[in-house]
Amino acid sequence: MNNLKSGTSDALTRTASTQLIWLGLAATIGFAMLMGLLYWVSSLTGSHTTTLNAIDAESGTVTLLLRTEPPQLDSTRATDSVSISVLGHVMEGLLRFDENNQLAPGVAERWEIREDGATFWLRPDARWSDGVPVTAHDFVFAWRTAISPATASEYAFILYPVKNGESINSGNLPVEALGVRAVNNQTLEVEFEQPLAYFEELVAFSTYHPIREDFYHSREGRYGADVDDLLYNGPFEMTLWVHGAHVRLEKNPDYWGRERIRLNVIDMPYFTTDATSALNLFKDGKVAVVDYLGAEQLNEVLQQRWQLKRFGDGSVWFLAFNFSPDRITSNWHLRKALQLVTDPSELVNRVIKLPGNLPGESLFPVWLQGVNTFFRQEHPVPKIELNLEAAREHLEIAMEELGLDNPPSIALLVDDSPGAAKQAEYFQNLYGSQLGLDIRIDRQIFKQRLAKMQNQDFDLAVYGWGPDFADPLTFGELFASWNPNNNGRFNNTEYDESVRLAQSSLNPQTRMEAFARQQEILIEEVALIPNYERGRVYITDRRLQGVVRRAVGPDPDYTNAFISSD
Amino acid sequence: MKDLVLIAKDFAPIAVEREAQSITRPSLSYWQDAWLRLKTNRRALISLFIVVGLLVFTIAGPWVWTIDPAAQDLDQLSSPPGANRRAIIVTPYLPWSGITADSVPISGQTIGATAEIRLAQPATTQAVRLEWDPVPGATGYRVYRNLYSPAPDGALGLPIGEIYDARRISYEDLLDLRPTRFWYSIVATDELGQEVAEYTTLVVNVIRVVTVDEAISDGLVGPNVVPKLGDEVFVKLHPLGTDYLGRDMLARLMYGARVSLFIGIIAPLFFVLIGILYGSAAGFIGGRVDQFLMRFADFVVALPFLLFMILFKIAFGIGPGESGILPMLVALIVLSWPATARLVRGQILQIREEAYIAASQLLGAKTYYLILRHMIPNTLGVILVTITFAVPTVIFVEAFLSFIGMGVAPPTPSWGSMCNEGIQTMLNHPHELIFPALLISITVLAFNLLGDGLRDALDARMRSRE
């Protein structure tokens, strides 16, 4: 009886599994056919851009991808790197960056910078895309719009060097009081708040771009929101903007320097932040450049024998401390203990593993210019030797001062990118195993992390700062007590004085010495623990030449790019 | 034809075989019978062994394999199982100031490539130190590194170094050094900082090294042996390799199993228990009470899990970076029982009307007897199916929540979070994804097959078909 039962059960099972196999086979084939059908349908209805190659030499077209869609292209309100990059192609300020990353005449033909102000003489052949000449009034209007409290531009502070800028932005003066004036259509007069050493750098920035008043008002608040809501005066003009899907730039026939521009069309039909899909598009010959690669993609790139390039994006990444008195990180000995066990070289070479990053040593990155050569060559960073014994002693003192019996628990705020998580876990293990500290990782999405930093809701935070202009001040200012981006509220009187001096002095020697003093104070006070200076590796199609990458200004820049014949 | 002769013996009565009526096998209880049937089901039996094995792996494993799952071995990052562990003992790393030439020859000709690249010292996983001859007319150098030969198309590989001083004729590579073969190329740059076309390449075989201190502290040499420079040792063993931070995969899988299986078993047990009580109460009492109870169950189904998970997390006072396992467990139990309750209620309603229940009642069976003897055994099949499906579902929920940062906090591993970390390195280091994924798959399959076998073994209706 028992035998019989198990016999039927086996037979049942066998037929059941045969059926299952057939069913599975049928399902697989059916699914494959369905997919094939869908693919065929999509190829019938899909846009034709997908069949184009990344580079079309005949029509001078280059196909690229964008990280995200620009939120909007109103130059007074643009803050993100994508908007600034696109604006760098379709707009032009008084000055621009050339193919060697040097400042070159833009709308201004020539200029003169004095101690109390500056004069710009505009070229007569600079035109808007509707043929109307660009005049000094357009700059006056744009600057007044950007500084106006009604616009609430996040980058309004970059106009503070212009006279009365700060008072206007805080609502104490009318916008007409701004120290900028159109003498006539071709001459722009600027008054400074105080003597200023780096104004040329500033006027190339997108917030200083011109806007024509009658056009701005005719758009009724939609300026920069769509392809028809913008007037262009740059080397390219936008001809297509399908929100969330497609941006196309074409050569501007009215641009004064049109002879220089060799590309006819820059097509951007893909928006993605995913490095793997970007790499697949490149592999299929759909895009000509992939400019964000992770360490995990590098092996494939090497295997495919693609040409890798590197550039420093100028930003400095570090662990920021919260100096609020109720936080344990306000204790100097605790910070010193962390400093004495942190080895940026290990982080860069063993954990991040992406080529191009430099181990961080200071808030001031290596590429900053000093008086004669690089600032860091003139003022080397005081060397910190790793010392576990000393670190443990400092931790003992810190615990005594804080009245703690056990090593404290510290919240480390990071964003939710995979790279940040990896670094956070590295620090967690480092400080845990070396000092016995309990590091709690607080992973937040980018916006939430910013909000938490602004509310001082952190002990330690992984923080990056990119330059707005090519002067050490863009970094030095960050730790000034009045800077809203000084999230940890570092407050040091000597440091503040030094920043004030660097802001107002015109003497390069005095300024660089001030920055050197700031660098020393930051290290003595352990105001931050430098992690790395970020470098990026990217791949381009070998035929696309002349792409300019830069730390300051629109990046990437294709205005000087061309397609080589071979 | 022979005559048939009958004798007296032919008329004797045939003996009555009373044995036919006797019971030949011992009486079996319900559970003994179930166990016997389970034993004949080979798949279920294997699954049972796998589940027991997993429990042993989880509970006893860390006692045997005592490696700390959070310890980072930065010398063996993402190393696959069975990697070559041979290493040479060397002195500790000392900074290198590099080589700077006094002057660079100036040439009117076009800038070429350097004549030769040399190793300043043997290439090790500590550092690869390159030096080369200055290139006349150069303004600086770029250093590239490839895993493949740059010839013939000049794919130089990773841009690892930029030197802005032509007199600086050395480079120290520290980046992600592994015991493998590298092709290093040096290209000179011209006045504009652009690279020239020609390059020189050097093939370097990197050897794995450890310092004397590391060899002693990691126990790579015997307790009484003093390691000598140049000795060959084997670096720490990681049977299943290491992850992206050099953490031992085997230890992480063991600890990860604790979280995954804990949630995966405890949560279904509790919510199925609640579901049985609730559902059988509703089904047995019936009427208005049943209506009310089931509408409340419908209401609970409509509650969004993630939102409640977050609410519980806040209510429990779980700060950032602290484990969210407890609120996850509570949220799962509080919100997942209605499905079981509905099933059990349906079963009870059905069984209540069966003829044998009526017969039993007529024979004087009490309510508790009815429930224990007839109702629960008859719903066991359904219940076990629910548990069977709940275990893998809950393991996946845990994995998902750990990924979005609501579950385990690093460095605590769970299979789900390990998978999510492994996906990022899938192409280069597949073992980081394969092992946790395999364990999840095996666990899910084992629970499914075991559940199937248990249902067959316990189902009273199947038994009646014998």
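Only heavy atoms go into these numbers, but all of them, side chains included; no hydrogens, no water, no symmetry mates. The chains referred to below are lettered A, B, ... by the order of the sequence lines, with proteins before strands, and numbering in each begins at 1.
Only the backbone of A:Leu354 comes within less than 4.5 Å of a heavy atom in chain B; its side chain stays farther off. With a 4.5 Å cut-off on non-hydrogen atoms, B:Glu421 touches chain A through its side chain but not through its backbone. Neither the backbone nor the side chain of A:Ala275 comes within contact range of chain B, judged by heavy atoms closer than 4.5 Å. With a 4.5 Å cut-off on non-hydrogen atoms, A:Gln303 touches chain B through its backbone and its side chain both. In this structure, the portions of B:Asp75 lying under 4.5 Å from any heavy atom of chain A include both its backbone and its side chain. Of the two parts of B:Arg247, only the side chain, counted from C-beta on, holds a non-hydrogen atom closer than 4.5 Å to a non-hydrogen atom of chain A.
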Step-by-step side-chain hydrogen bond (donor to acceptor under 3.5 Å, both in side chains) determination, A:Tyr426 to B:Gln72: CA-CA 8 Å; A:Tyr426 166 73; B:Gln72 298 175 2; over 6 Å; no

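Shortest non-hydrogen contact noted between A:Lys353 and B:Ser78 is NZ-OG, 4.4 Å. In this structure, B:Leu174 and A:Ser345 approach most closely via the heavy-atom pair CD1-OG, 3.9 Å. Across B:Leu74 and A:Val351, no two heavy atoms sit closer than the pair CD2-CG2, 4.4 Å. In terms of heavy-atom proximity, A:Leu302 sits nearest to B:Leu158 at CD2-N, 3.9 Å.
Here the straight-line distance linking atom CH2 of A:Trp367 with atom CD of B:Glu162 works out to 14.0 Å at 0.5 Å rounding. Residue A:Phe374 holds its CZ atom at 10.0 Å from CG of B:Asp165, rounded to the nearest 0.5 Å. In this structure, CD on B:Glu172 lies 9.0 Å from CG on A:Asn349, to the nearest 0.5 angstrom. Between atom CG of residue A:Leu308 and atom CG of residue B:Leu156 there is a gap of 10.0 Å, rounded to the nearest 0.5 Å.
Options B:Asp153, B:Leu77, B:Asp68, B:Asn41 differ in how many heavy-atom pairs under 4.5 Å they form with chain A, and the most are formed by B:Asp153. Taking chain B as the reference chain and counting heavy-atom pairs below 4.5 Å, the highest number among A:Ala421, A:Ser409, A:Pro355 is found for A:Pro355.
In this structure, the side chains of B:Leu245 and A:Asn429 stay at 4.5 Å or more apart for every pair of heavy atoms. When side chains are defined from C-beta on, B:Leu147 counts as touching A:Asn299, because their heavy atoms get closer than 4.5 Å.
Side-chain atoms of A:Arg310 never come within 3.5 Å of backbone atoms of B:Pro159 as a donor-acceptor pair (strictly under, hydrogens ignored).
In summary, A:Arg350 and B:Asp176 do not engage in a salt bridge, as defined by a charged side-chain N under 4.0 Å from a carboxylate O.
Using modelled atom types and a 3.5 Å distance limit, the side chains of A:Glu425 and B:Tyr244 yield a donor-acceptor pair.
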